[in-house]
K.L.:
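Structure in structure tokens, see below.
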Amino acid sequence: MKCKIGAVWDSWGHVEGSTYRVGMTLGQDWLPWSLLLLSLTCDSHAFYVPGVAPINFHQNDPVEIKAVKLTSSRTQLPYEYYSLPFCQPSKITYKAENLGEVLRGDRIVNTPFQVLMNSEKKCEVLCSQSNKPVTLTVEQSRLVAERITEDYYVHLIADNLPVATRLELYSNREGDDKKKEKDVQFEHGYRLGFTDVNKIYLHNHLSFILYYHREDLEEDQEHTYRVVRFEVIPQSIRLEDIKADEKSSCTLPEGTSSSPQEIDPTKENQLYFTYSVHWEESDIKWASRWDTYLTMSDVQIHWFSIINSVVVVFFLSGILSMIIIRTLRKDIANYNKEDDIEDTMEESGWKLVHGDVFRPPQYPMILSSLLGSGIQLFCMILIVIFVAMLGMLSPSSRGALMTTACFLFMFMGVFGGFSAGRLYRTLKGHRWKKGAFCTATLYPGVVFGICFVLNCFIWGKHSSGAVPFPTMVALLCMWFGISLPLVYLGYYFGFRKQPYDNPVRTNQIPRQIPEQRWYMNRFVGILMAGILPFGAMFIELFFIFSAIWENQFYYLFGFLFLVFIILVVSCSQISIVMVYFQLCAEDYRWWWRNFLVSGGSAFYVLVYAIFYFVNKLDIVEFIPSLLYFGYTALMVLSFWLLTGTIGFYAAYMFVRKIYAAVKID
């Protein structure tokens with residue numbers, strides 16, 4: 001459904017009478033929650049939210065070009081722009097960054113590029129003193145050559161719009177040249193350089209192509225312009241082919257007669273850093289300027305994913321309906337017959353364990369703590385995806401997803417603590433203070449520990465992806481200053497609340513559990529229970545992995561929200577089926593088993609992550625591999641907690657319902 005939204009907001013999305021796209025990247029700015037209630041109305045007049053209106057430029061106004069970072073999908077280690085010997089301005093100024101930007105490794109800094117609105121520049125030399133070229137030392141040359149061979153990309157921004165490299169692909173190569181159709185795609189950033197026949201070349205000339213939209217104004221007013229696209233054509237031109245004068249102007253060779261600028265890592269290299277600026281008028285409005293970066297050529301794949309997921313859910317619903325409506329009703333009817341009770345009890349087994357089915361499991365404190373963390377994750381993910389689906393976050397707001405997720409996880413501690421406290425009391429627990437501390441520290445402690453170890457390795461590589469020590473202290477303060485007190489608060493009220501009302505009493509003497517068939521093995525259950533929820537979401541998982549590991553934009557949160565709902569339904573259904581089979585086998589130890597089995601799809605996520613690493617990524621070094629599998633382990637752990645919690649509560653409600661429907665002597 002397409003709707004025109006009557007708002008103009010850069011840090012939220014691109015609207016202003018344009019076709020609305022549900023979108024955002026993985027990693028944006030924290031938004032003031034007071035703005036979240038902005039009304040979305042179709043075909044209304046445009047209005048401006050204070051502080052987020054577009055920037056209007058007049059003729060020859062400066063348009064600042066800033067650098068974000070250097071990235072590579074081969075190393076997964078971002079570096080700040082001036083880690084390489086690029087030309088520097090007289091004063092280097094770093095932008096104040098939010099939590100998400102710091103965690104992503106962004107280090108936004110000014111550059112010496114002088115760009116004026118709608119003012120052309122044929123060729124200009126950077127950091128040229130008395131017409132002398134830049135000399136790279138042997139150490140600098142070696143570093144530049146190393147970054148080029150590692151496929152690093154440079155990311156710049158102009159008016160908060162990232163630079164992109166245009167890629168033109170021809171779809172019908174065998175036809176006539178006139179009938180060839182161009183398939184234009186855009187690559188995020190530009191390549192630092194390239195290699196050819198064991199030689200390394202640096203892109204030392206940048207041809208900036210900026211597009212502006214001329215705003216309609218009343219009479220006697222000066223025209224204003226808005227930047228709507230930022231492209232670059234990187235070129236490698238050797239020193240001898242560039243003619244520079246004393247005014248920092250230069251002349252480039254015509255055609256393709258020039259040779260590229262080689263970087264020899266074994267000696268000093270001399271070169272010019274040059275750039276040119278070209279402006280073009282565009283019909284694209286400012287509100288739609290991100291459409292270029294977010295154009296999806298594979299929307300059909302997403303729809304196929306949704307349809308596939310819906311089919312899986314209907315398949316599960318059919319199985320569940322057959323079990324619940326036919327088998328379960330028959331069981332309950334037989335159990336409730338007053339005569340022939342002994343025969344019916346031999347036919348089916350789940351009533352036989354009524355005196356043990358609610359017997360508290362081993363380690364109830366750890367179980368309730370993990371489930372409390374699962375509730376925290378569930379609330380955080382649901383709110384983030386829902387807000388992103390509404391378009392409240394956009395790619396122009398860097399760091400928002402990570403910042404939002406961190407803050408929401410802290411504040412959702414009150415719900416996690418409440419659910420953990422109430423369950424702990426239901427499981428006959430008494431040490432609520434220790435339980436609250438366990439809930440607040442068990443899962444976050446594991447996450448912090450793994451991230452700290454990985455961060456030490458990133459520090460060793462001097463990457464901007466390393467979290468600075470002050471940020472780490474700030475995260476600890478958020479953990480112990482916000483999350484811990486809220487978990488204690490929720491746990492206190494949850495523990496004081498009436499425990500869950502179990503419909504049957506628990507016997508004093510545990511019932512003996514018969515020998516189980518091979519297919520009731522816990523690992524077999526994980527394999528069986530995990531395949532269907534994973535099948536409902538694996539296509540979307542590919543796009544999420546591409547966004548995380550290959551520096552792509554992920555913004556189809558409308559699709560993701562549908563997939564998340566389908567995942568919740570499928571996890572709940574498969575959990576009910578598995579606990580029903582287990583109780584029929586007269587095994588009443590379902591608490592821990594159901595929690596583990598319901599998170600079985602996390603095992604398939606791990607398998608898929610290994611497959612993705614081997615087939616899609618070109619990572620060969622130890623530290624990038626360690627980072628990949630370290631962060632993957634955190635993702636798998638979090639996904640297991642999420643799906644295990646969803647399945648556990650669905651199974652618990654199911655068990656209480658079926659035993660409440662049976663007459664117990």
Side-chain angles (χ1 to χ4, degrees), residues 11-13 23-33 36 68-69 71 76-78 80 95-108 155 157 160 162 188 373 376-389 391-413 443-444 446-448 450-452 454-455 458 463-479 482-483 543-557 560 564 627-628 630-639 641-642:
S11 63
W12 282 21
M24 157 183 161
T25 61
L26 285 176
Q28 324 299 336
D29 267 294
W30 175 248
L31 291 177
W33 288 101
L36 294 185
V68 181
K69 59 183 174 181
T71 63
Q76 300 299 329
L77 292 168
E80 63 173 285
K95 170 186 170 289
E97 294 176 330
N98 58 48
L99 178 63
E101 288 176 313
V102 174
L103 295 178
R104 291 177 63 217
D106 291 359
R107 300 293 183 268
I108 300 176
H155 299 278
I157 54 174
N160 204 32
H188 194 32
S373 296
Q376 252 183 292
L377 275 173
F378 176 80
C379 295
M380 178 264 288
I381 292 171
L382 180 66
I383 294 173
V384 166
I385 296 177
F386 183 73
V387 170
M389 181 193 70
M392 300 295 185
L393 306 168
S394 86
S396 61
S397 312
R398 289 173 178 78
L401 182 68
M402 213 168 286
T403 311
T404 308
C406 287
F407 275 91
L408 272 177
F409 184 79
M410 302 297 173
F411 286 108
M412 292 301 109
Y443 169 69
V446 171
V447 173
F448 186 84
I450 293 176
C451 288
F452 181 78
L454 295 177
N455 205 53
I458 303 174
S463 167
S464 65
V467 179
F469 185 73
T471 306
M472 200 166 286
V473 172
L475 286 171
L476 284 172
C477 291
M478 287 171 59
W479 179 12
I482 300 176
S483 182
F543 293 100
I544 294 173
F545 269 61
S546 298
I548 295 173
W549 302 115
E550 298 187 54
N551 298 307
Q552 303 293 321
F553 284 118
Y554 182 87
Y555 72 101
L556 291 175
F557 281 86
L560 188 61
F564 182 71
L627 292 177
Y628 179 86
Y631 290 129
T632 297
L634 288 181
M635 290 171 57
V636 169
L637 173 64
S638 303
F639 193 73
L641 274 181
L642 174 70

K.L.:
What distance do M410 atom CE and I482 atom CD1 have between them, rounded to the nearest 0.5 Å?
P.N.:
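Here the interatomic distance stands at 7.0 Å.
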K.L.:
To check you understand the geometry: which heavy-atom pair defines the closest contact between L99 and C406, and what is its length?
P.N.:
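Between these two residues, the closest heavy atoms are CD2-CB, 3.9 Å.
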K.L.:
Among residues at least two apart in sequence or on other chains, which ones pass ring-ring contact (aromatic ring centres under 6.0 Å, His included) with F452?
P.N.:
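Not a single residue meets the ring-ring contact (aromatic ring centres under 6.0 Å, His included) criterion with F452.
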K.L.:
May I ask you to test the F378-F564 pair for a side-chain heavy-atom distance under 4.5 Å?
P.N.:
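In contact.
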K.L.:
Using the rule given for side-chain contact (heavy atoms from CB on, under 4.5 Å), can you reason through I381 versus F639, listing the C-alpha separation, both sets of side-chain angles and the distance that settles it, and then say yes or no?
P.N.:
CA-CA 11 Å; I381 292 171; F639 193 73; over 6 Å; no
K.L.:
Give the minimum heavy-atom separation between N455 and M472, together with the two atoms involved.
P.N.:
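Answer, listing the atom of N455 first, then M472: ND2-CE, 3.2 Å.
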K.L.:
Looking only at heavy atoms, which two atoms of M635 and F545 are closest? And how far apart?
P.N.:
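Result for this residue pair: CE-CE1, 3.8 Å.
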K.L.:
For H188, check ring-ring contact (aromatic ring centres under 6.0 Å, His included) against everything at least two apart and list the hits.
P.N.:
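Listed in chain order: H155, F553.
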K.L.:
Can you confirm whether M478 sits close enough to F409 that some side-chain heavy atom of one is under 4.5 Å from a side-chain heavy atom of the other?
P.N.:
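The answer is no, as the side chains (C-beta and beyond) never meet within the 4.5 Å cut-off.
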K.L.:
Could you report the tightest heavy-atom contact between G413 and Q376, atom names first, then the distance?
P.N.:
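Where G413 meets Q376 most closely, the heavy atoms are CA-NE2, 3.3 Å.
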K.L.:
Give the intermediate values and the outcome of side-chain contact (heavy atoms from CB on, under 4.5 Å) for residues I450 and L637.
P.N.:
CA-CA 12 Å; I450 293 176; L637 173 64; 5.6 Å; no
K.L.:
Identify the heavy atoms of L642 and L377 that sit nearest to each other, and give their distance.
P.N.:
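Smallest heavy-atom distance, with atoms named: CD1-C, 4.4 Å.
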K.L.:
Among residues at least two apart in sequence or on other chains, which ones pass side-chain hydrogen bond (donor to acceptor under 3.5 Å, both in side chains) with E97?
P.N.:
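E97: no side-chain hydrogen bond (donor to acceptor under 3.5 Å, both in side chains) contacts found.
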K.L.:
List in chain and number order the residues that pass ring-ring contact (aromatic ring centres under 6.0 Å, His included) with Y631, two or more places apart in sequence or in another chain; answer none if no residue qualifies.
P.N.:
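ring-ring contact (aromatic ring centres under 6.0 Å, His included) check on Y631 returns nothing, list empty.
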K.L.:
Give every donor-acceptor pair under 3.5 Å between a side-chain atom in residues 463-470 and any protein atom, sequence neighbours left out.
P.N.:
residue : atom : partner : partner atom : Å
S463    : OG   : P78     : O            : 2.3
S463    : OG   : G465    : N            : 3.0
S464    : OG   : P78     : O            : 3.2
S464    : OG   : G105    : O            : 2.9

K.L.:
Taking C-beta and beyond as the side chain, do I383 and T404 meet within less than 4.5 Å on heavy atoms?
P.N.:
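In short, these two side chains do not touch, never coming nearer than 4.5 Å.
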K.L.:
What is the distance from atom CG of L401 to atom CG of L103, rounded to the nearest 0.5 Å?
P.N.:
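It comes to 11.0 Å.
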K.L.:
Applying side-chain hydrogen bond (donor to acceptor under 3.5 Å, both in side chains), can you list everything that pairs with Y443, at least two apart in sequence or on another chain?
P.N.:
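So Y443 forms a side-chain hydrogen bond (donor to acceptor under 3.5 Å, both in side chains) with S638.
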K.L.:
Which pair of non-hydrogen atoms, one from M402 and one from G100, has the smallest distance, and what is that distance?
P.N.:
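Residues M402 and G100, closest heavy atoms: CB-CA, 3.9 Å.
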K.L.:
Any idea how W479 and F448 line up, ring-wise: parallel (<30°), tilted (30 to 60°), or perpendicular (>60°)?
P.N.:
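Geometry flag for F448 against W479: tilted rings.
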K.L.:
Quickly, which of R107, E80, R104 forms a side-chain contact (heavy atoms from CB on, under 4.5 Å) with K69? Name it, please.
P.N.:
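Exactly one candidate clears the test, R104.
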